[in-house]
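The structure appears right after this line, and notes come after that.
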Amino acid sequence: MAEIKSCDVAEPVSIQDATQVDRHGLLEHSREFLDFFWDIAKPHQETRLEATEKLLDYLRTRPTGSEMKYALKRLITGVGTGRETARPCFSLALAQLLQSFENIPLCSILQQIQEKYDLEKVKKAMMRSALFANLFGVLALFQSGRLVKDQEALLKSVKLLQTLAQHYNHLHSQPLKALMDILSEVPEATFQEILPEVITGDLNVVLSSPHHLELFLLAQQKVPTKLKKLMGSVDLLSDENIPSLVNVLKMVATSVKKEHKLPSLALNLLRLALKEDRFSRFWKEVVEQGLLKKQSWPACYLCFRLLGAALPLLSTEQLQLVMQGDLIRLFGEHTVTTKLPNQFKFVPEMSEYIGTFLEGSQDDPERQLAVLVAFSSITEQGVPVMPTFWRVTQFLNPQALQDYVAWLQDMFLKPNLDSLIEFSTNNQKKSQDASLNMPERAMYRLRKWIIHRMVNIVDQLHQEKEEALIDRVARFCLFHSFFKTKNPVDQIPETKQQLSIPLDVRTRDFIITAFFSLLQTLSIKFKQAPDQTQGGKSWTYHLVQLADTLLNHSGNVDAMTPFTTEQRQAWDQMLETLKELEARSSEAKATAFQHLLLLVGIHLFKSPTESCDLLGDIQTCIKKSMGEKPRRRSRAKATDSQEPPWVEVMVEILLSLLAQPSHLMRQVARNVFGHICPHLTPHALQLVLDVLNPETNQDEDDNVVVTDDSDEKQLMDSENENKDSEDNRNSESEEDSEDGEESEEEERDEDVDPGFRQQLMAVLHAGKALGGVDGEEDEEELGDEAMMALDQNLASLFAEQKLRIQARRDEKNKQQKEKALRVAFQIRVLDLIEVLVTKQPENPLVLELLEPLLSIIRRSMRSSSTARQEQDLLHKTARIFMQHLCRARRYCHDLGDRVEALHTRVEQLVQQASRQADSSVALYYFNASLYLLRVLKGNTVKKVIHKSQKQKRASTNTSSEPQEPQAASCLDLNLVTSIYSGALSSFLTKRNSPLTATMFLNLFSRFPVICKNLLPILIQHVAGPARPRHQVQACLLLQKTLPRGELRPCFEEPEWEQLIVQILVKVTENLRTLGEAQNKSEHQKELSSLGLLNILLKSHKRQAGNLTTLLDVLQGRQQILQQSLQQGEHLIGSTRLHDLYWQALKMLGVQRPKLEKKDAKEVSSATQSPVSMKRKKKGFLPETKKRKKRKSEDVTAIATGEDQPPSTGKRRRKKIKAKSSKLQNRSEKLSQVNGVTPTSPAEAAGKKQQQKALPKKEVSGKSPQSALPRKKARLSLVRSPSLFQGGAKKKRMMRKKGRAAQTPSCPSSSATRSPVDS
């Protein structure tokens, strides 16, 4: 019914009209039929469609009845409803109805719509709804598919739409769009007949608005002959019509400004120009000289979209025409200058147009290449505006892709700046800086873009089928990075590609960088066929072989840095080692060493001296490692030879490789280190740990030098910056200069030292600038020569001071840069630690990682630095420590003679955790001690401890230790217990302890035997002289620990019972000594004690023994708390405390009493706190304004002894009393089941006596205010469905009996009955 209330005003009118036509039939309509129309207007599409289908099925069974008339009127009314979301729903339903029943004439429907929503008679307030009703009515006729076949209805609809088009304020351009949609589907014969009604013969009217022009283009397309007869020969691209055409296009561009789409009118004009073979005139006159003459961004965006949409329609010659004009330069300027986030960028949209064109022209590689080359030729000072990661190449034909790469290489070798479409921004034209327009700079920027573009093309390849293209790009980058042509030769195609302008050092540097980026791409991109060529070898191996071929052709090719004899020998030995490793390629270690050799061998061209030494050491280590079987090294193994083991040498090599900022180096180093982990020695591990320890790195000179290519990156970035950044800098130059001057002054003031002040005073005294009191005499004494000398001395002094300030700044920046490099190097070195922990968790050397990792965590968390690198170092170290080390499933099982040392380290870690200032740092130390406990517990005595040590352990062990598994463990339980007992005592006694309860809970859950020995300390601190906060912690720990299942098997039954009794005694003592708990600490203490008590009573009540004393204490505390609750003097959370008391009492056999309901007036008259009085006073009505109830007045009259009608006799009253007593007994039983009524024997007996002492007359001597609430309570009890599950008749009888039992009777008329009862 709620939906019926929300119905529009017009809908009931239609129902009334229908009833007059067929009154009897309409009244018999089913509710299901009427609900169809409500469902049609609902917002959910599935509901609407389902309702429409059901309505059509319903009407098919009654095609001629009153239902059809009612449905038509209801749908016609619906298209004019005031709900905007319901109009399209009714319109669609009407369309489907007309489509299903073709016998319904469209003209009649249109006539009904126009009569019901007559635009001349409708009121002004209903004009908008009437306009939309006519529009959606015509749309319904059109969507039915019958309108284009009915010429009469079509003509009327066209006229109606033309009339609606005049109301632009309400409908905008929707009527004209609907007219275009209708006419586009009209047959040619019908179109010819209605053409005079649609288009006028005046060309000025056609060129006055976009819709008239669009109708003209549609007519010219469908009925050109009829249009020519009507208007004559029309040339839209004539000199007279082009200005009007431009204006119309500007109008349509403004109309679609927010829609970001190409209007169909512009595309139709383009197609017309192509059809008439006048595209060049249209593009030059209309687009470039018309729309772009006075630049407005809506018109420019229209031209950009027109360019993108025209790509599939143009030929190669037309594409060249389009891509060489002013529009493409404007597109480049827009791409460069729109860099702010709040500015619209057209590049993504243009990329979609280009991608669509390339995807649709796979069979025309020539046009694909022309478009791609044209957009890559739009340059600003040599740099193409399209990004190097432009992903449209994925749609290229393979041949077009090969040709595009060939064009890039030719442009790199022989840059033709004249063939590029160069442009300049407005600020660049104003600045006129000659250094920015130098050809050398433009050539450098162009070559840099080309080399990165080729690398990104390889990165975007999705298939390994393009091996020839990858090989071509890789050979090109390798050759021009490290070689140059001496004499062309056919065997090396790169030698035939001559450079028109030689490459300078700066260009070769970024080519080398791009080459190693390509190596990384080849190593990561093709992981499924691990960067291998068709020959089965890796791409790196293939490039090394190519480099060897180039070295052997010394007569035709020269290396940029020729090899010395030693370097060439290292290269040849590397190739031999690669062949040996290739024979053992089935081994994973051999593959890892092969990758390392290849990578270092390639770096031999970049840094020959360092790489030559590394190659020799690597080959030596490989030969030793491959000849040695992987086995665990004993710590006591003697090293007689003076040379270090090969593992240590390999670790130093890997550290030196990690010092280079190369991701590929990092991956190879991780892979190699994973294979040499089984052979790792303590000294080799110490080499890694020394890098992570900053104290040793600052004092000692390491062989590892951290390199940085930030200078090169800054140079490349600065060269790659576009001049639009200069535009932004010019606009803010004044503010930046002011801020810079202020910062310089502040730094200058900070840098002034006392020595400079003394020198300044000395210079001034020497020049007599600080003379006597009389300033005039001083000025007379100083001559021109003296002033000049003084100026020179001051200038030299300030110049020296400026140099000193700059030196201090440079030193500070250098230190910050070194620190950043050191932190970045440590982050990379942590990769090796992570590999060791994950792949060799059982290695005893893993135990040596605890303290270095903890020192990094402690130092990083104490540091006040907010640098990103510092935070990354901390997060990575913490992740390795917690996830890979402390939580590892595997750990060391071969301690050897480390048992005593590990116990000492456990004690040290616990002490360090107790001394920390931050709990988050202490958590890591405590977890480290738990990890060592786990290691000690998992190692057995039989394997590592001598017999004398066994006897010593057996003599010190007590009877409380577990029998078999713990006796065979390396864990010294007494020593560990003393360690953690001290920590627990410190936690429960110190005011500010860094230890937390979570740490000890973790200890108790992992090691229940230690928990058993620490329980007496917890019990001791539950009560006694400890602080309330510490007592709360002890109670919480016991509350969380006792229910654990792993603790119970550690105790025998007598011990467990004794433990429970001790805890209960402490808790009882704690509750007895409590005050009124007025402060927060006492309140928390009481809460925790009760929580612990409930846990004990719930799980261990059988072991508790006599609980009489506890029951007395709880009842006393509960009464005190209840009194404070009634008086309103309690803390927040006292309700929870009250519930906890009753939970404990319930488990001791005392049920919680039921709260009696009180009268509202009694509650209001009761004693209240000032706060509650203040709250209830606001918003309450005075007594004179309250509505008085008639029934309460009657009851009051009876109680006061006024004249009332006689009541019934005694027999009726006895029955009522008997029934009410039975009802009361049943309700008491039910409430006892629910745990509401009191079941205490004393309370029950008292209540029975009170009921017996009551007189037989229920309300004699009672106030009239207390009768009505009691009646309501009993009525609610009678109506409870949980008591009586009988029928409705039984319920009514019980209600009557309850009312009779509750009706108060007057003493003077006990034998009569009131009319209410009758």
Side-chain angles (χ1 to χ4, degrees), residues 474-475 478-479 481-487 489 491-492 494-495 508 512 515-516 519 537-585 589-628 641-657 659-660 662 664-665 668-669 672 676 703-705 707:
R475 289 172 63 97
L478 174 65
F479 184 85
S481 296
F482 307 114
F483 299 95
K484 60 182 179 180
T485 303
K486 190 174 181 180
N487 294 317
V489 63
Q491 298 178 359
I492 306 174
E494 288 76 16
T495 57
R508 288 195 184 273
I512 293 173
F515 170 71
F516 285 106
L519 279 184
K537 299 180 181 179
S538 65
W539 280 105
T540 311
Y541 201 166
H542 176 67
L543 294 176
V544 166
Q545 291 179 339
L546 174 62
D548 184 62
T549 304
L550 296 176
L551 288 176
N552 294 330
H553 287 76
S554 57
N556 305 102
V557 178
D558 282 342
M560 296 301 301
T561 305
F563 284 172
T564 62
T565 306
E566 183 181 1
Q567 294 168 359
R568 186 56 189 264
Q569 290 178 357
W571 175 266
D572 296 336
Q573 292 177 1
M574 179 201 69
L575 295 177
E576 294 178 0
T577 308
L578 287 175
K579 292 180 180 179
E580 297 176 0
L581 292 175
E582 189 177 0
R584 307 177 62 174
S585 59
K589 185 195 297 186
T591 305
F593 285 144
Q594 186 180 17
H595 287 171
L596 179 62
L597 265 181
L598 290 171
L599 192 57
V600 176
I602 287 291
H603 276 78
L604 190 63
F605 294 97
K606 183 179 180 181
S607 53
T609 306
E610 296 83 356
S611 300
C612 182
D613 299 335
L614 288 178
L615 278 177
D617 296 336
I618 291 173
Q619 293 176 29
T620 303
C621 294
I622 289 174
K623 291 179 180 179
K624 291 184 178 180
S625 64
M626 298 302 292
E628 180 184 59
S641 59
Q642 296 181 357
E643 64 178 9
W646 67 268
V647 178
E648 299 177 8
V649 177
M650 182 61 72
V651 169
E652 291 182 354
I653 293 172
L654 295 180
L655 290 176
S656 63
L657 295 179
Q660 302 179 12
S662 172
L664 183 58
M665 284 285 192
V668 173
V672 174
I676 67 173
N703 294 328
V704 178
V705 179
T707 59

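Atoms considered below: every heavy atom in the structure, side chains included; atoms not considered: hydrogens, waters and symmetry mates. Given the structure is predicted, the values throughout are model-derived calculations rather than measurements.
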Between the side chain of D548 and the main-chain N/O of V544, is any donor-acceptor distance below 3.5 Å?
no

Minimum heavy-atom separation for A590 to R584, with atom names?
CB-O, 3.1 Å

Could you state the interatomic distance from CG (L581) to NE2 (H595), rounded to the nearest 0.5 Å?
10.5 Å

Could you grab the distance from atom CD of Q491 to atom OG1 of T549, nearest 0.5 Å is fine?
9.0 Å

Minimum heavy-atom distance between R508 and F483, given as atom pair plus value:
NH1-O, 3.5 Å

Determine, step by step, whether I676 and V651 satisfy the side-chain contact (heavy atoms from CB on, under 4.5 Å) criterion, reporting the C-alpha distance in whole Å, the side-chain angles of both residues, the deciding distance to 0.1 Å, and the verdict.
CA-CA 9 Å; I676 67 173; V651 169; 4.3 Å; yes

One pair to check against side-chain contact (heavy atoms from CB on, under 4.5 Å): L550 and F479. What are the steps and the verdict?
CA-CA 8 Å; L550 296 176; F479 184 85; 4.0 Å; yes

Could you walk me through whether L519 and L543 satisfy the side-chain contact (heavy atoms from CB on, under 4.5 Å) test, starting with their C-alpha distance in whole Å, then the side-chain angles of each, then the deciding distance to 0.1 Å, before giving a yes or no?
CA-CA 9 Å; L519 279 184; L543 294 176; 3.5 Å; yes

V649: which of D617, T620, L654 passes side-chain contact (heavy atoms from CB on, under 4.5 Å):
D617

For residues M650 and F593, determine if any side-chain heavy atom of one lies less than 4.5 Å from a side-chain heavy atom of the other.
yes

Do other residues, nucleotides or ligands put more than 12 heavy atoms under 6.0 Å from the CD atom of Q545?
yes

Donor-acceptor pair, distance only, cut-off 3.5 Å: does the side chain of S625 make one with the backbone of I622?
yes

Side-chain heavy atoms of Y541 within contact of Q594, under 4.5 Å
yes

For D572, check salt bridge (Lys or Arg N to Asp or Glu O under 4.0 Å) against everything at least two apart and list the hits.
R568

Side-chain touch L657/L614, heavy atoms, less than 4.5 angstrom
yes

Do any side-chain atoms of residues 599-610 form donor-acceptor pairs under 3.5 angstrom with protein atoms, and if so which ones, sequence neighbours left out?
from : atom 1 : to   : atom 2 : distance (Å)
H603 : ND1    : L599 : O      : 2.9
S607 : OG     : S611 : OG     : 3.4

Could you list the residues that satisfy side chain to side chain contact (heavy atoms under 4.5 Å, CB included) with Q619, not counting sequence neighbours?
Q573, M574, T577, L597, L615

Would you give the length of the straight line joining atom CG of L596 to atom OG1 of T591, rounded to the nearest 0.5 angstrom?
12.5 Å

Nearest atoms (heavy-atom pairs only) where T495 meets N487
CB-O, 4.2 Å

Give me the ring orientation class for F563 and W571: parallel if the planes are under 30° apart, tilted from 30 to 60°, perpendicular past 60°.
tilted

Hey, could you give me the CD/CG distance between E494 and L546, rounded to the nearest 0.5 Å?
6.5 Å

Can I653 and I618 be said to form a side-chain contact (heavy atoms from CB on, under 4.5 Å), step by step?
CA-CA 8 Å; I653 293 172; I618 291 173; 3.6 Å; yes

